[in-house]
*Asks:* 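I have a structure I would like to understand better, so I am pasting it below and will then ask my questions one at a time.
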Amino acid sequence: MARLLSTCLRWPLMLPLLRPGLLAPGLLFATHCFAESPIQPLHTDPVWLTLGHYQQAMTGGYTSQADDPDFFLSPAGKHSPKDELDATLRAIQADGEGDSHARCQFPARAAWLQQQFQLELPPMACPAFDQWTATLNAEHVTLVFAASYLNSPSSMFGHTFLRLDPPQDDASTNLLLANTISYAADAAAHDNELLFAYKGIFGGYPGVTSVEPYYEKIRLYSDIEHRDLWEYRLNLRPAEVARLLAHTWEIRNRNFDYYFFDENCAYRLLALIDAARPGTDLIGEVSTHAIPSDTVRWVVAKDLVAEVHYRPSAATSVSYALGQLPVAQQRLAVALARGALSVNAPDVAALEPADKARLFDATYDYVRYQSAAKKWPREHAAPVSHDLLVARSQISATTATSEPTVPAVRDDQGHNTFRASVAAGRRADRNFTQLTLRPAYHDLLDPPAGYRHGAELEFLRVDARYYTDNQSLELEQLTGVAIRSLSTRNAFFQPLSWQVGFGGRRTDTGSKRVLAPYLEGGVGGSWALGSNTQAFALATVDAEIDDDLNKGYDLGPGADLGLVFQHHTVSALAGVKRKAWLVDNLQRQDQLYVHTNWHLSRAVSAFAAFTREHHFDRYHTLWHVGLHVYF
């Protein structure tokens with residue numbers, strides 16, 4: 001065995017001495033030699049597995065997450081990293097040159113194998129790859145996180161992509177012209193959001209790695225979808241940046257099936273960073289799902305970030321500028337923007353020049369924003385914008401540029417998204433203990449720091465109760481999806497508040513409680529009552545389906561009126577609900593609810609909930625107290 005190991009270790013040094021005709025067979029022998037030796041076989045080296053996107057199966061063996069045959073040089077490459085390594089060794093030493101050669105198609109693989117085996121390969125020109133890297137002109141790499149956007153299933157958890165920063169010789173370098181690398185589902189243009197969600201969950205779309213200018217990303221995320229951006233400059237060295245680009249070239253235009261929960265935009269970028277800096281093993285952090293904000297946490301925890309920059313969205317900047325105006329001037333801004341007031345009106349003319357300049361600047365930005373977001377027609381926005389610009393040009397006073405305040409807590413610094421809860425309580429005359437598991441993501445009562453105020457998004461939540469009177473374990477509720485968006489309205493912005501959810505829950509038939517599938521929705525409005533408090537009013541509709549219902553289903557329109565208080569120390573939700581079941585039991589269901597969470601730390605909250613319900617001419621009281629732990 002010692003002789004075998006010694007011979008294997010000498011193979012890299014002997015390779016340059018081999019005649020060209022014996023080089024490839026010699027290399028293949030070397031790989032088999034390593035496979036037989038006590039040291040780790042080269043085809044199971046973490047770097048090779050990362051470059052091939054191989055994952056080890058529970059039953060043993062490997063499978064690549066690449067779903068494109070062109071990604072492999074061996075017919076067995078998808079399931080055999082050894083065969084793929086052998087085929088790559090042969091290919092990079094084969095005669096030929098130019099873009100079709102394996103060294104040009106797979107530059108990251110070729111460079112790593114050349115280093116491992118100390119190959120002295122002749123120089124080779126790769127015109128397409130060389131031109132591509134020259135065009136990208138990347139000196140640094142920045143991970144960009146776009147905040148969550150509940151109006152699109154593809155962006156509910158946020159989105160991440162990489163920005164390739166050119167050399168910054170001076171402050172005039174415009175990063176808006178930099179290129180970006182992103183991975184997303186290649187969805188058909190005609191697919192609606194529901195179809196996208198379904199196919200995205202079950203891998204119905206191919207995933208494509210694409211390169212496009214940063215300004216296009218800003219136009220989409222910041223200007224249209226009103227999403228703030230966080231920019232995390234990575235501390236990659238020049239060689240690591242080059243390796244990241246080389247591997248990006250290898251996977252560009254290659255199909256990797258897209259899965260909404262795990263193999264998504266964030267997951268694929270982790271693999272690129274792993275390829276750039278071997279040993280980081282960011283992919284190893286992923287278990288059942290890869291939520292973009294969680295992946296940013298992992299990147300920060302691995303000490304990969306040099307600096308962080310906040311880029312507010314157009315909506316955030318406009319809202320901030322308008323909010324800096326006194327209340328009386330805000331009313332003037334609304335009237336000016338809507339064309340109900342002239343720029344020469346007496347109330348405007350009475351203002352000091354500096355105040356008038358700030359008013360015109362903020363109002364102009366607001367009108368332009370509404371026009372760019374396609375909420376106001378050009379026929380209205382253009383003349384109003386022209387009048388504001390002309391009036392502003394006649395004022396010599398300058399106004400200091402005022403930027404929105406950087407949030408004290410970044411999205412990656414909020415609570416972790418997996419939550420486990422234990423509670424004890426009582427329903428009517430029955431005592432119970434309850435266990436709740438929620439893989440993702442956030443509700444209105446969770447610690448609000450780092451999350452959108454008024455936003456709730458829960459996936460695959462399971463509530464199980466153990467009743468002590470008859471020692472029975474019951475599934476109380478299985479939440480497939482629960483989304484609530486309570487966006488506050490004011491004189492400038494009037495977004496709709498809405499909610500939607502589906503799953504299975506316990507429902508009262510009058511004689512017993514059964515687990516019934518449900519679908520619920522609602523739409524209405526929400527209004528700020530202070531910096532931490534908002535009121536909401538939603539018109540709702542619920543549908544339940546179960547054989548235990550007399551007609552097999554029931555439909556209940558209703559209303560939900562409530563208050564939400566969100567603070568870093570405590571959060572509360574209180575309100576009243578009413579439903580009028582129209583099909584099966586023809587009963588009214590009224591409910592008063594009060595829920596409170598005390599945030600003991602970012603990782604732990606104590607909670608209490610109370611509900612008083614009137615249904616089937618009976619009153620029921622439900623209460624429980626417990627702890628949330630965030631992982």
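This chain uses plain numbering: 1 for the first residue, then up along the sequence.
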*Asks:* Could you walk me through whether I92 and T88 pass the side chain to side chain contact (heavy atoms under 4.5 Å, CB included) test, one step at a time?
*Replies:* CA-CA 6 Å; I92 65 176; T88 306; 4.1 Å; yes

*Asks:* What salt bridge (charged side-chain N to carboxylate O under 4.0 Å, His left out) pairs are there with at least one residue in residues 106-116, not counting sequence neighbours?
*Replies:* E84-R109

*Asks:* What residue pairs, at least two apart or across chains, pass salt bridge (charged side-chain N to carboxylate O under 4.0 Å, His left out) with a residue in residues 50-62?
*Replies:*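 The answer is none; no pair qualifies.
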
*Asks:* Do side-chain atoms of Q118 reach the backbone of Q114 as a donor and acceptor pair under 3.5 angstrom?
*Replies:* no

*Asks:* What do you reckon, is OH of Y215 surrounded by more than 12 foreign heavy atoms closer than 6.0 Å?
*Replies:*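 No - once you tally the heavy atoms of other residues, nucleotides and ligands closer than 6.0 Å, there are 12 at most.
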
*Asks:* Give, for atom OG1 of T248 and atom CG of L272, the distance between the pair rounded to the nearest 0.5 Å.
*Replies:* 4.5 Å

*Asks:* Report the relative orientation of the aromatic rings in F256 and Y183; use parallel for angles under 30°, tilted for 30 to 60°, perpendicular for over 60°.
*Replies:* perpendicular

*Asks:* Would you name the heavy atoms of L437 and A420 that are closest together and state the gap between them?
*Replies:* CD2-CB, 3.8 Å

*Asks:* How long is the gap from CG on L176 to CD1 on I218, to the nearest 0.5 Å?
*Replies:* 4.5 Å

*Asks:* Is there a side-chain contact between S313 and Y221 (heavy atoms, below 4.5 Å)?
*Replies:* no

*Asks:* State whether a side-chain donor-acceptor pair under 3.5 Å links Q477 with T479.
*Replies:* yes

*Asks:* Could you work out, with side-chain contact (heavy atoms from CB on, under 4.5 Å) as the rule, every residue matching D70, not counting sequence neighbours?
*Replies:*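 Only D68, R254 meet the side-chain contact (heavy atoms from CB on, under 4.5 Å) criterion with D70.
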
*Asks:* Could you walk me through whether L245 and L136 pass the side chain to side chain contact (heavy atoms under 4.5 Å, CB included) test, one step at a time?
*Replies:* CA-CA 9 Å; L245 293 179; L136 295 180; 3.9 Å; yes

*Asks:* How far apart are the C-alpha atoms of W249 and W132, what are their side-chain angles, what is the distance that settles it, and do they pass the side chain to side chain contact (heavy atoms under 4.5 Å, CB included) test?
*Replies:* CA-CA 9 Å; W249 174 262; W132 184 76; 3.5 Å; yes

*Asks:* On a heavy-atom basis, which atom in T160 and which in A266 lie closest, and how many Å separate them?
*Replies:*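 That would be OG1-CA, 3.3 Å.
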
*Asks:* How many angstroms lie between CG in N255 and CG in D67, if you round to the nearest 0.5 Å?
*Replies:*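 Separation between the atoms: 5.5 Å.
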
*Asks:* If the plane angle is over 60° it's perpendicular, under 30° parallel, otherwise tilted; pick one for H247 and H53.
*Replies:* parallel

*Asks:* May I ask you to test the D165-R233 pair for a side-chain heavy-atom distance under 4.5 Å?
*Replies:*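 Yes, close enough: below the 4.5 Å cut-off.
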
*Asks:* With rounding to the nearest 0.5 angstrom, report the CD to OG distance, E216 to S182.
*Replies:*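 Result: 11.5 Å between the selected atoms.
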
*Asks:* Taking atom CZ of R484 and atom CD of E458, what is their separation to the nearest 0.5 Å?
*Replies:*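 The CD atom of E458 is 10.5 Å from CZ of R484, to the nearest 0.5 Å.
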
*Asks:* Do L304 and L282 come close enough that some side-chain heavy atom pair is under 4.5 Å?
*Replies:*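 Yes. Closest side-chain heavy atoms under 4.5 Å.
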
*Asks:* Counting distance only, does the side-chain N/O of D443 pair as donor-acceptor with the main-chain N or O of L445 below 3.5 Å?
*Replies:* yes

*Asks:* My understanding is that only residues two or more places apart in sequence, or in another chain, count here; which of them pass salt bridge (Lys or Arg N to Asp or Glu O under 4.0 Å) with D411?
*Replies:*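 Salt bridge (Lys or Arg N to Asp or Glu O under 4.0 Å) list for D411, sorted by chain: R452.
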
*Asks:* So, do L42 and W48 sit near enough that their side-chain heavy atoms are less than 4.5 Å apart?
*Replies:*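 A side-chain contact under 4.5 Å is absent here.
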
*Asks:* Looking at residues at least two apart in the chain, or sitting in another chain, which of them share a ring pair (Phe, Tyr, Trp, His ring centres under 6.0 Å) with F72?
*Replies:* none

*Asks:* With a 3.5 Å distance limit and no angle check, can you tell me whether S317 reaches the backbone of A314 through a side-chain donor-acceptor pair?
*Replies:* no

*Asks:* Are the side chains of P127 and D99 in contact, using a 4.5 Å heavy-atom criterion?
*Replies:* yes

*Asks:* For a 4.5 angstrom cut-off between non-hydrogen side-chain atoms, does L164 reach I181?
*Replies:* yes

*Asks:* Among residues two or more places apart or on two chains, list those pairs meeting disulfide bond (SG atoms under 2.5 Å apart) that have a residue in residues 62-106.
*Replies:* C104-C126

*Asks:* State whether a side-chain donor-acceptor pair under 3.5 Å links E456 with Y451.
*Replies:* no

*Asks:* What heavy-atom pair brings I251 and F71 nearest, and what distance separates the two atoms?
*Replies:*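 The answer is CG2-CE1, 3.8 Å.
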
*Asks:* Are the side chain of K78 and the backbone N or O of P69 linked by a donor-acceptor pair below 3.5 Å?
*Replies:* no

*Asks:* Run the side-chain contact (heavy atoms from CB on, under 4.5 Å) test against V300 and tell me which residues pass, sequence neighbours left out.
*Replies:* Y232, V296, V305, R410, D412

*Asks:* About how many Å separate CG of D130 and OG1 of T135, when rounded to the nearest 0.5 Å?
*Replies:* 10.5 Å

*Asks:* For E212, which residues count as a salt bridge (Lys or Arg N to Asp or Glu O under 4.0 Å) partner, sequence neighbours excluded?
*Replies:*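 Only K217 meet the salt bridge (Lys or Arg N to Asp or Glu O under 4.0 Å) criterion with E212.
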
*Asks:* Between R103 and E97, is the closest basic N to carboxylate O distance under 4.0 Å?
*Replies:*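 Not counted as a salt bridge, because no side-chain N and carboxylate O are separated by less than 4.0 Å.
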
*Asks:* Under the salt bridge (Lys or Arg N to Asp or Glu O under 4.0 Å) rule, collect the residues that match up with E250, sequence neighbours excluded.
*Replies:* none

*Asks:* Hey, does the side chain of Q105 reach the backbone of S100 with a donor-acceptor pair shorter than 3.5 angstrom?
*Replies:* yes

*Asks:* Given W230 and R311, is the side chain to side chain contact (heavy atoms under 4.5 Å, CB included) satisfied, shown in steps?
*Replies:* CA-CA 6 Å; W230 287 96; R311 187 182 294 272; over 6 Å; no

*Asks:* Answer yes or no: are there more than 12 heavy-atom neighbours, outside Q131 itself, under 6.0 Å from its atom CD?
*Replies:* no

*Asks:* Are any of the side-chain nitrogens in R90 or D86 under 4.0 Å away from the carboxylate oxygens of its partner?
*Replies:*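 Not counted as a salt bridge, because no side-chain N and carboxylate O are separated by less than 4.0 Å.
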
*Asks:* Which heavy atom in A306 sits nearest to a heavy atom in N235, and how many Å separate them?
*Replies:*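 Reported closest heavy-atom pair: CB-CB, 4.1 Å.
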
*Asks:* Not counting sequence neighbours, list each pair that qualifies as a disulfide bond (SG atoms under 2.5 Å apart) and has a residue in residues 44-87.
*Replies:* none

*Asks:* Side chains of D274 and T50: any donor to acceptor distance under 3.5 Å?
*Replies:*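 The answer is no; no qualifying pair exists.
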
*Asks:* Partners of D446 by salt bridge (Lys or Arg N to Asp or Glu O under 4.0 Å), sequence neighbours excluded?
*Replies:*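 In terms of salt bridge (Lys or Arg N to Asp or Glu O under 4.0 Å), with neighbours along the sequence ignored, D446 is linked to R419, R438.
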
*Asks:* Going by heavy atoms in the side chains, are R237 and R277 under 4.5 Å from each other?
*Replies:* yes

*Asks:* Quick one, F106 and L73 - any side-chain contact, counting heavy atoms below 4.5 Å?
*Replies:*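 Yes, side chains in contact.
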
*Asks:* Just jot down the side-chain hydrogen bond (donor to acceptor under 3.5 Å, both in side chains) partners of S64, sequence neighbours excluded, or say none.
*Replies:* none

*Asks:* Verify the distance criterion only: is there a donor paired with an acceptor across the side chains of Y62 and H79 at less than 3.5 Å?
*Replies:*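 There is no such pair (donor and acceptor under 3.5 Å, judged by atom type) between the side chains of Y62 and H79.
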
*Asks:* Under 30°, 30 to 60°, or over 60°: which ring-plane class applies to F161 and Y214, parallel, tilted or perpendicular?
*Replies:*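 Tilted: the ring planes of F161 and Y214 meet at 30° to 60°.
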
*Asks:* Going by atom types only, do H628 and H415 share a side-chain donor-acceptor pair under 3.5 Å?
*Replies:*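 No, no side-chain donor-acceptor pair sits under 3.5 Å.
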
*Asks:* What is the minimum heavy-atom distance between V604 and Y630, and which atoms define it?
*Replies:* N-CD1, 4.1 Å

*Asks:* Looking at every non-hydrogen atom in both residues, tell me the closest pair between G414 and V409 and how far apart they are.
*Replies:* N-CG1, 4.1 Å

